[in-house]
Number of protein chains: 2
Amino acid sequence: MARRSPKIDARPLYEQVREALLQRVQAGHWPPGGPLPSEPALATELGVSQGTVRKALDALAQAHIVVRRQGRGTFVVEQTPAHVLFRFFNIFSDDGVQILPDSTKPRVTRARANAHEIKHLALAADGEVVRINRVRTHDSAPFVAETISLPCDVFSDLAKCAELPNTLYDFFQRHYGQLIVCADERVTAVVARAREARLLGIAKGTPLLRIDRIAFGIDERALEWRVSLCHLTAAHYLARLG
Amino acid sequence: MARRSPKIDARPLYEQVREALLQRVQAGHWPPGGPLPSEPALATELGVSQGTVRKALDALAQAHIVVRRQGRGTFVVEQTPAHVLFRFFNIFSDDGVQILPDSTKPRVTRARANAHEIKHLALAADGEVVRINRVRTHDSAPFVAETISLPCDVFSDLAKCAELPNTLYDFFQRHYGQLIVCADERVTAVVARAREARLLGIAKGTPLLRIDRIAFGIDERALEWRVSLCHLTAAHYLARLG
DNA sequence: CAGTGGTCTAGACCACGTG
DNA sequence: ACGTGGTCTAGACCACTGC
């Protein structure tokens, strides 16, 4: 970076390069799946060595923001349904096979955010949300009741969509330029109340797994709050630690 | 490595260095918390450049097998109770504070492994296990009923221990040289049966979170199968994805 | 002060994918 | 054949730690 801004650098060079590239990705400077300039090109443009660019790109690759392919180049991650399910849908049958859910037709509404939504999505007191309600099925049997809340200021016209795909995060990237990069999931055990029992075709009082997910974009903004009430038979939620 | 074995190298150099260092750690070549040789020393000893050693050590640090401290050196990870809870106990109160459990006096027995234990711990058909049963408390209130199974061939004399600490993994490292580095946790919702209801002081039929953990050592061998039945009030299991 | 890991550079060569 | 990222090297300087 020519002569790095007078003195106040503080963070290492490769961090600054990472930041610069991150901002360009987020600004849509390169389209989803599109190639970044080569390492030597970025190095000369930014006035640093290729090794420094490499370290920055490796960090972005580890954060799943970019993918590197030897002999081809470095590309902005392009979410696909398979990719999204693989990374974010952590329910496996007890014999170890990942369960790939389908979705029924969702109900999409727009409303003032309630207290929970304001908290989880860091909205203003008068913020608005889009709510999606749907049931997910496996082998045509319902097993998850989902309620999804999205901030209206980002996903404004989503309430007007006629159809929604089974996986949303690839859709978010294509239509809103929002790349979901990480999420927190909070898991508890609850019992089915009347509404869930009806939706899932089970008896009231059946134990369910409740998963509260908050998903974050590149800038670490909370972009989705999703509550999944899961009726798991011979299946489980899988977390890998370490 | 002087002249790398004629031709059959296949894996990159830094991977081979990582492997070599990993084996020394596992063999107890350096004690828990003990320093490894400096980067230049390892580089000359192994006949590779310092940059290659660095890349191998960085990988070991990322896997929590080694910790690097600028100005001090590189050290074998030394498990501590705080460290173990921080990494492996993922229950948080709903206001976001991690819950730090205590333990009641455990019951320790030795037995032939049952079918589940044989499967989860990859034991021979006639393998033996040590079983630990205990209840964990928070603010003196019981909230987790734990059943832990360990392979006897590794933890042979554990059944004879009079006292067991609250956190086991630091104990495993000190007394058996076994460093737990990662784990899979399978989470489901169940209802309390008579035994759990009695242990946790709750009504039969209360929904519980069941966590099946399989913990792995450096060589990726399964060293523990732990079932935790958790009665969570205003608390949850937290998983971070991404 | 000497020694450690952390950053940064420059350049060589390799493995891969495409034309 | 060419350009890409992947590996490996060598050496400089910085930041931190402990004596």
Side-chain angles (χ1 to χ4, degrees), chain A residues 1-21 24-25 30 33-78, chain B residues 1-21 24-25 30 33-78:
Chain A
M1 300 189 170
R3 276 284 71 74
R4 252 78 73 214
S5 41
K7 267 293 194 305
I8 309 96
D9 278 330
R11 303 187 344 279
L13 245 192
Y14 66 85
E15 274 284 359
Q16 302 175 38
V17 172
R18 179 185 163 282
E19 192 83 11
L21 297 175
R24 290 197 208 174
V25 172
W30 302 293
L36 275 64
S38 70
E39 292 181 1
L42 286 171
T44 58
E45 180 200 330
L46 299 171
V48 301
S49 78
Q50 186 176 344
T52 301
V53 170
R54 169 176 295 279
K55 192 156 181 177
L57 288 173
D58 284 344
L60 292 178
Q62 196 162 16
H64 295 102
I65 290 165
V66 123
V67 291
R68 320 199 68 187
R69 287 194 267 245
Q70 184 173 145
R72 307 257 334 259
T74 302
F75 305 82
V76 176
V77 158
E78 181 167 24
Chain B
M1 302 186 163
R3 278 281 70 77
R4 252 77 74 212
S5 41
K7 267 296 197 302
I8 310 94
D9 278 329
R11 301 187 347 277
L13 245 192
Y14 66 85
E15 274 284 359
Q16 301 174 39
V17 172
R18 179 185 163 281
E19 192 83 11
L21 297 176
R24 290 197 207 175
V25 172
W30 303 293
L36 275 63
S38 71
E39 292 181 1
L42 286 171
T44 58
E45 181 200 329
L46 299 171
V48 301
S49 78
Q50 185 176 344
T52 301
V53 170
R54 168 176 296 278
K55 191 156 181 177
L57 288 174
D58 284 344
L60 292 178
Q62 196 162 16
H64 294 102
I65 290 165
V66 122
V67 292
R68 320 199 69 186
R69 287 194 268 244
Q70 183 172 148
R72 308 256 335 259
T74 302
F75 305 82
V76 176
V77 159
E78 181 168 25

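Computation of the quantities below employed the complete heavy-atom set of this structure, encompassing side-chain atoms and omitting hydrogens, waters and symmetry-equivalent molecules. Keep in mind it's a predicted model, so treat the numbers as computed, not measured. Residue numbers start from 1 in every chain, and the chains themselves are labelled A, B, ... in the order their sequence lines are given, proteins ahead of strands.
Regarding A:Arg54, its CZ atom lies at a distance of 16 Å from the C1' atom of C:dT7, rounded to whole Å. In this structure, A:Arg11 atom CZ and C:dG6 atom P are separated by 18 Å, rounded to whole Å. When rounded to the nearest whole Å, the span between CD of A:Glu39 and P of D:dT7 equals 11 Å. Remark: C1' of D:dG5 and CG of A:Leu60 are 15 Å apart, rounded to the nearest angstrom. One interatomic measurement links the two molecules: CG of A:Leu13 to P of C:dC8, which rounds to 4 Å at whole-angstrom precision.
Of the listed nucleotides (D:dC8, C:dT4, D:dG5), D:dG5 has the atom at the smallest distance from the side chain of A:Pro40.
For B:Lys55 and D:dT7, the shortest distance from a side-chain N or O to OP1 or OP2 is below 4.0 Å.
For the pair B:Glu39 (side chain) and B:Val53 (backbone), a donor-acceptor distance under 3.5 Å is absent.
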How does protein reach along nucleotides 13-19 of chain C, written 5' to 3' as B (base within reach of a heavy atom under 4.0 Å), S (only sugar-phosphate), or - (no contact)? --BBSS-
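Taking each heavy atom of B:Ala56 and B:Tyr14 in turn, the nearest pair found is CB-O, 3.5 Å.
Partner A:Leu57 forms a side-chain contact (heavy atoms from CB on, under 4.5 Å) with one of A:Val17, A:Leu21, A:Ile65 and no other, that one being A:Leu21.
Residue B:Gly73 is the one, among B:Gly73 and A:Tyr14, whose nearest nucleotide of DNA chain C lies closer to the 5' end (criterion: closest heavy atom).
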Under 3.5 Å between N/O atoms: give me all the protein pairs with nucleotides 10-12 of chain D, atom names plus distance.
none

